[in-house]
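Please read the structure below before turning to the comments.
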Amino acid sequence: MAEQLRWVLIIISVVVIGGLLIHGLWSVRKKDAPTATNDERVEPADHRAAVERQSAPEPVSHTERDEPQFGDLSFSADEKQQPQANSFAQSEQEIGSDVDDVATAAESSDEVVTEQEPEQPVASDFIIVHIQMPEGLNMEGSKLLPAVNTLGFKYSDEGFFNRHLDPAGHGPVLFRLVNMYNPGTFDIDNMEQFSTAGVSLFMTLPCDGDGLAAFNMLHSAAKKLADEFGATILDSQREEMTVDSVREYVEKVRRFSV
C-alpha cells in the first residue's frame, strides 16, 4: 500500500512540474510576440481605403484657381462645371494642333530651302558642224549611205544617223548626223533617190563618256565626209571652220566636262 502511494505521488509531481514548465514557456512566448492594439492594427480593407484617401486629389476651391490646370485655356462659368475629362480632351486637341502647326512650318521651311538651292546646270548647248556642198552640187544618197556606215553611224527610228559609244550601235549616243535641210531626216528606204546639199553633225553637251574624245571623233568624221564629197566644213554660224573656231569648240566641251 505504501509503495503504491509513493508512485502516485511521484506521478502527480511529474505532472505538476510538466504543467509548470509548459505554462512558463507559453508565458515567455506570449511576452515576446508583438501585440497590436485595435488602434494600431490595420486590416487589408482599411489599408486600401487609406491608400485611396492618400491618392485621391484634394478638392480645390474655385477661389484658389482662376483658370484650368492644363493649358492656357479660358473657360466660362458653365465650362468650369464640366467633368475634368473635357479639360484633358481639349488639351490633347490643342497639343495636336500645335504639332500640326510645327509640321506645317517645317515643311514650309524645307520648301523654302529647296527653292533657294541653286539649280544644277542643264544640257542646253550643242556642238554643231555643217558640211556644205559647193553651190549647184549635191550629196547623192547612194554614196552617202556607205560613207556614214563606214564611219560607224547607225540609222535610228527618228530618221537620223547616230554614232554610239560602241561602233556596233550599242551604248549612249555621242553625236548625230542629220540632213542640213528640211525635213532634217533621211529616208533609209529611198536613199538611191535621195540627195542633199549638205549634212550637219551635232553633239549635245554634256555628253556621255569622254566629251573631248567624242568631239575629236565628230571633227574627224566631218573631215572625212568633206574630203569624200569635196565639201566645206562650216561652224555653227555657217562660217568656214578655222583653227580658232575648233579651239572655241574644245573650250566649250571642257566647260561641260568639269
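In what follows, every heavy atom counts, from backbone to side chain, and hydrogens, waters and symmetry copies are set aside. Starting from 1, each residue takes its place in the sequence as its number.
A distance of 13.5 Å separates CH2 in Trp7 from CD1 in Ile12, rounded to the nearest 0.5 Å. Taken from CG in Leu225 to CG in Leu144, the straight-line distance is 7.0 Å, to the nearest 0.5 Å. With rounding to the nearest 0.5 angstrom, the CZ atom of Arg238 is 6.5 Å from the OG atom of Ser200. Of the inter-residue distances, the one linking Ile127 atom CD1 with Phe202 atom CZ reads 12.5 Å to the nearest 0.5 angstrom. Between the OG1 atom of Thr185 and the CD atom of Glu158 there is a distance of 10.5 Å, given to the nearest 0.5 Å. Between Ser257 atom OG and Lys252 atom NZ the span is 12.5 Å, to the nearest 0.5 Å.
When every heavy atom of Met203 is checked against every heavy atom of Ala214, the shortest pair comes out as SD-CB, 3.7 Å. Considering all non-hydrogen atoms of both residues, Asp235 and Ser245 come closest at OD2-CB, 4.2 Å. Contact detail for Asn162 and Ser156: the closest heavy-atom pair is ND2-CB, 3.3 Å. The minimum heavy-atom distance linking Gly211 with Val253 is given by the pair C-CG1, 3.4 Å. Nearest approach of Ala231 to Met139, heavy atoms of both residues: CB-CE, 4.4 Å.
Sorted by first and then second residue, the ring-ring contact (aromatic ring centres under 6.0 Å, His included) pairs involving residues 166-185 (not counting sequence neighbours) are Phe153-Phe175.
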Yes or no on side chain to side chain contact (heavy atoms under 4.5 Å, CB included) for Phe160 and Leu177, after CA distance, side-chain angles and deciding distance? CA-CA 6 Å; Phe160 309 133; Leu177 176 73; over 6 Å; no
Trace of the side chain to side chain contact (heavy atoms under 4.5 Å, CB included) decision for Leu145 with Glu192: CA-CA 9 Å; Leu145 182 58; Glu192 293 291 334; over 6 Å; no
Is there a side chain to side chain contact (heavy atoms under 4.5 Å, CB included) between Ile233 and Val129? Walk through the geometry before answering. CA-CA 7 Å; Ile233 301 177; Val129 175; 3.5 Å; yes
The test is side chain to side chain contact (heavy atoms under 4.5 Å, CB included); show your working for Val246 and Met241 and say whether it passes. CA-CA 7 Å; Val246 173; Met241 182 81 74; 3.8 Å; yes
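Residues Asn179 and Thr196 bring a donor and an acceptor atom of their side chains to less than 3.5 Å of each other.
Looking only at side-chain heavy atoms (C-beta outward), Phe215 and Val250 come within less than 4.5 Å of each other. For the pair Phe194/Ser142, no side-chain contact is recorded, criterion being any heavy-atom separation below 4.5 Å from C-beta on. Counting heavy atoms from C-beta on, the side chains of Met133 and Asn138 never come closer than 4.5 Å.
Side-chain atoms of Arg163 never come within 3.5 Å of backbone atoms of Gly169 as a donor-acceptor pair (strictly under, hydrogens ignored). With hydrogens and angles ignored, the 3.5 Å screen pairs no side-chain donor or acceptor of Thr204 with any backbone N or O of Cys207. In this structure a side-chain-to-backbone donor-acceptor pair under 3.5 Å is missing from Asn182 to Gly184.
Cluster annotation: Phe229 is connected to Leu218 through the hydrophobic network of ILVMFWY side chains, with a link wherever side-chain heavy atoms come within less than 4.5 Å. Under the 4.5 Å side-chain contact rule for hydrophobic residues, Leu165 and Leu151 share a cluster. A continuous path of Ile, Leu, Val, Met, Phe, Trp and Tyr side chains, each step under 4.5 Å between heavy atoms, connects Val178 with Ile128, placing both in one hydrophobic cluster. Using a 4.5 Å cut-off between side-chain heavy atoms of Ile, Leu, Val, Met, Phe, Trp and Tyr, with links allowed through other members, Phe256 and Met217 fall into the same hydrophobic cluster. A single hydrophobic cluster is seen to contain both Leu201 and Leu212, as judged by linkage of ILVMFWY side chains at heavy-atom distances under 4.5 Å, directly or through other members.
Between Glu140 and Lys143 there is no salt bridge, since no side-chain N of the basic residue sits under 4.0 Å from a carboxylate O of the acidic one.
With ring centers used as reference points, Phe186 lies under 6.0 Å from Phe161.
By the 6.0 Å contact criterion, NZ on Lys224 is open, its count of non-hydrogen atoms from other residues, nucleotides or ligands being 12 or less.
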